[in-house]
Structure formats: structure tokens, C-alpha cells
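Below, chains carry the letters A, B, ... as their sequence lines are ordered, and counting in each starts from 1.
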Amino acid sequence: VYARQLDDRVLTLAVDGRLWKESMVLYDRETNTRWSQMTGVAQTGPLNGKILNPLPSVMTDWQTWRRMHADGSVVVLPHKEQQFNRAYYGDLKGFVLGIAREAEAKHWSLETLKQDPVVNDDWDGRPVVVLFDQATVTARLFSRDLDGQVLAFRAGKNRVLDEQTGTTWEPSSGKGLAGSLAGRSLRPIDGATVSRSDAWLRFHRKSEARP
Amino acid sequence: MALLQAVSRHKRLVVLLLGLALAAVLIIEAKLLIDRDATSAEAPQDDFTQTRRYIVPQEPITQFPIKTVREAWDDLRPDELVLGVTVGAESRAYPLNVLNDTPDHKVLNDTLGGRPIAPSF
């Protein structure tokens, strides 16, 4: 999901109907620029080279989302197929959580996260943590910096804790559940997204594979 | 005649020079082949002219029904995947089955938390 505003101009995006590197091409009604849906980068047209800013988002199941955001809203439109449910991920092989900015990219395999669901890492020179909830197949990337305090996380028995305060955290939302940081929220990193690994690597050939 | 004499006088040197020239040509040729291979593995796919059509161009979608999570609680299956977005105090779920109803794909022109956004999958 992208912000469809560039400087002062709001863009109206639509499906171009072509695939580039097996991923959708979008166009905007205002300038007729062609955008890659996978990267948000304009490939041809008046805005060539411009980048749509990614927004923090999460791919999770309805059960998890409706519980976390009971006061929120949902787009309801009819559809023919029912192909995207938890079974879509199969045994998780072939899916990654990825993050990219310009030429830099990193990805974490969901299959590896199944074994080790908490990974303290860094991105763009800043401390981040990958939290994975296997039951709902929800992989997220959060900042480990909470008001200047850098936290380190570890997996406990069926829970995630930070070493500094012992607070337990909910992996799918990044919310502090119990402990001195209960009620606080980790900041999600913009643009972190779950995708098929082959698609990810088509666009980010030099992406660094993380354990 | 003088040239032939010079060549025969410095036979070894001439052979050495010819050998070096041949080696240089071979190295350059090999380098070009390697470069060509590297670019042919990358360029055609990365080139934006290399696209393929799968559906006709779609008109922008700016109007679509939105329900509260409570209203839609049982409209979706519990294990159905959604793309969830939060901007400021507002959050909205976009079911993946709506955004990607293969071969039909949608990008929605929405506004959330006062910010124009475009979810797609």
C-alpha cells in the first residue's frame, strides 16, 4: 500500500493490465505515468523515476485483524475466487518478509522464522526486530527503538519478551501486553511486506538473505 | 627486403610480440563475452519494454463500499487474509480476495486518516 500523493499532487491510480517481471503495472490518471506495483517506482512517463512512499501495513487473517481493530473499517466487495486464506502460504517455503529502499534490500524467509520467530536485526542503520506469529502467519518488522531506548527481544514460551524490561509483546501488533511497557506500541517499519520469494528476488536481485 | 631482414634478425622478439598481441585480443574477447552474458541475463527482464498484457487497462476505482469491522464481523471467513493499514487513528482492512480476484486485479483509491492511499495486491 502506497501514499498516492507526490509533493502537492494527489494521484488516481489504476491497473494498466500489463505485467512487468510478472508483477502488475499501474498508471495514474493525472499524468499517465507507469508505476511498478511491486516497488512503487515510476518506470516511464512524466513522473519517471519518482517513488510512491510505502505505508506501514500488515498481512494477517481476518480473525486477527478484527480483534486488533474492532473499531476500524473494512472494504467489502464481491469477488469470484476465494484463494487467499491461511492455506495460501502452504508450508511457508517460498515466502519472505522483505524490506527495500533504493538499491538496498533485505529479506527473512518465513520458513526460517517458523523455527526462530524473533530476529533482532538492523535496517537502514537502525535497530529493528522481526516478529513472526506462526498461528496466523503474520510477519512484521518493527523498530527496536522506543523513545530512545533500544530494546532487544527474545522468544519465551509462547511469548515475546524484551531483555531490558521483561515486558511481553504481541507479535502481530507490536503492542506491549504485560510489564512496565504494557500499552506501548512498537513502531512498524514502512514498506515491510510479505511476498513470494521468487517475486521478491526478481525485483531485488541483490537482497540480503537474513537468517 | 630490409623489413624481412629485420624480422629474421629479431625473430624471437617478433614471435614474442605476436604472442602478446594474440593474448591481448583473446582476453578482450573473453571479457566482452562475459559482459554480454551478464547483461543478457539481466537487461531483457529489467527493461520496461519487456511487459506482457494479461487484461485490458482498467478505469480507476474511487467508489467502493466500506463497512465497520463490527458490521462485517461475519462477512469474511476467519482465516481469510487481509491487508491491514493504519494511518493516524484510522485503520482499514482490504481483503486480498477483493484486491486480487485473479485475473482481475484492483488498486483502490482510498483516503485513510486524511491521507490519500492506494492499496493493491
Electrostatic pair A:Arg4:B:Asp110 at N-O distance under 4.0 angstrom:
no

Quiz item: Should the pair A:Arg29-B:Glu59 be classified as a salt bridge under the 4.0 Å nitrogen-to-oxygen rule?
Solution: no

Show, in sequence, the C-alpha distance, side-chain angles and deciding distance for A:Glu22 and B:Arg52, and conclude whether the side-chain contact (heavy atoms from CB on, under 4.5 Å) test is met. CA-CA 8 Å; A:Glu22 300 306 308; B:Arg52 70 179 174 88; 2.7 Å; yes

So, for [X] and [Y], which heavy atoms are closest and what is the spacing to 0.1 Å?
X        : Y        : result
B:Pro78  : A:Asp61  : O-CB, 3.6 Å
B:His105 : A:Val15  : O-CG2, 3.4 Å
B:Phe48  : A:Val25  : CZ-CG1, 3.9 Å
A:Phe84  : B:Asn100 : CE1-O, 3.3 Å
B:Ala93  : A:Trp62  : CB-CZ3, 4.1 Å
B:Pro65  : A:Val76  : CG-O, 3.0 Å

Let me know if [X] has heavy atoms under 4.5 Å from chain B in its side chain, its backbone, both or neither.
X        : answer
A:Leu13  : both
A:Val137 : neither
A:Gln83  : both
A:Tyr88  : side chain

Could you tell me if the side chain of [Y] sits less than 4.5 Å from the side chain of [X], heavy atoms only?
X       : Y        : value
A:Leu55 : B:Ile117 : yes
B:Tyr54 : A:Arg18  : no
B:Arg92 : A:Val75  : yes

Of the listed residues ([options]), which shares the most heavy-atom pairs with chain B below a 4.5 Å separation?
options                             : result
A:Val58, A:Leu19, A:Val10, A:Leu52  : A:Leu19
A:Gln5, A:Met38, A:Met24            : A:Met24
A:Gly72, A:Ser73, A:Ala14           : A:Ser73
A:Val1, A:Val74, A:Thr12, A:Asp28   : A:Val74
A:Thr193, A:Thr64, A:Asp16, A:Leu11 : A:Asp16

Residue, of [options], that accumulates the most heavy atom pairs under 4.5 Å with chain A:
options                              : result
B:Leu108, B:Leu83, B:Asp101          : B:Asp101
B:Ser120, B:Ala89, B:Pro57, B:Ser91  : B:Ser91
B:Asp79, B:Leu99, B:Ile61            : B:Asp79
B:Gly84, B:Pro60, B:Pro95, B:Ala72   : B:Gly84
B:Gln58, B:Glu80, B:Glu90            : B:Glu80
B:Thr51, B:Asp104, B:Leu96, B:Asn109 : B:Asn109

Do other residues, nucleotides or ligands put more than 12 heavy atoms under 6.0 Å from [X] [atom1]?
X        : atom1 : result
A:Asp198 : CG    : yes
A:Arg86  : CZ    : yes
A:Arg9   : CZ    : no

Under 4.5 Å to a heavy atom of chain A? For B:Val98 that would be both

### Message
B:Leu81 vs A:Tyr89, test: side-chain contact (heavy atoms from CB on, under 4.5 Å). Steps then yes/no.
### Response
CA-CA 10 Å; B:Leu81 299 179; A:Tyr89 293 110; 3.6 Å; yes

Derivation and outcome, side-chain contact (heavy atoms from CB on, under 4.5 Å), residues A:Glu81 and B:Thr102:
CA-CA 7 Å; A:Glu81 307 291 333; B:Thr102 307; 5.6 Å; no

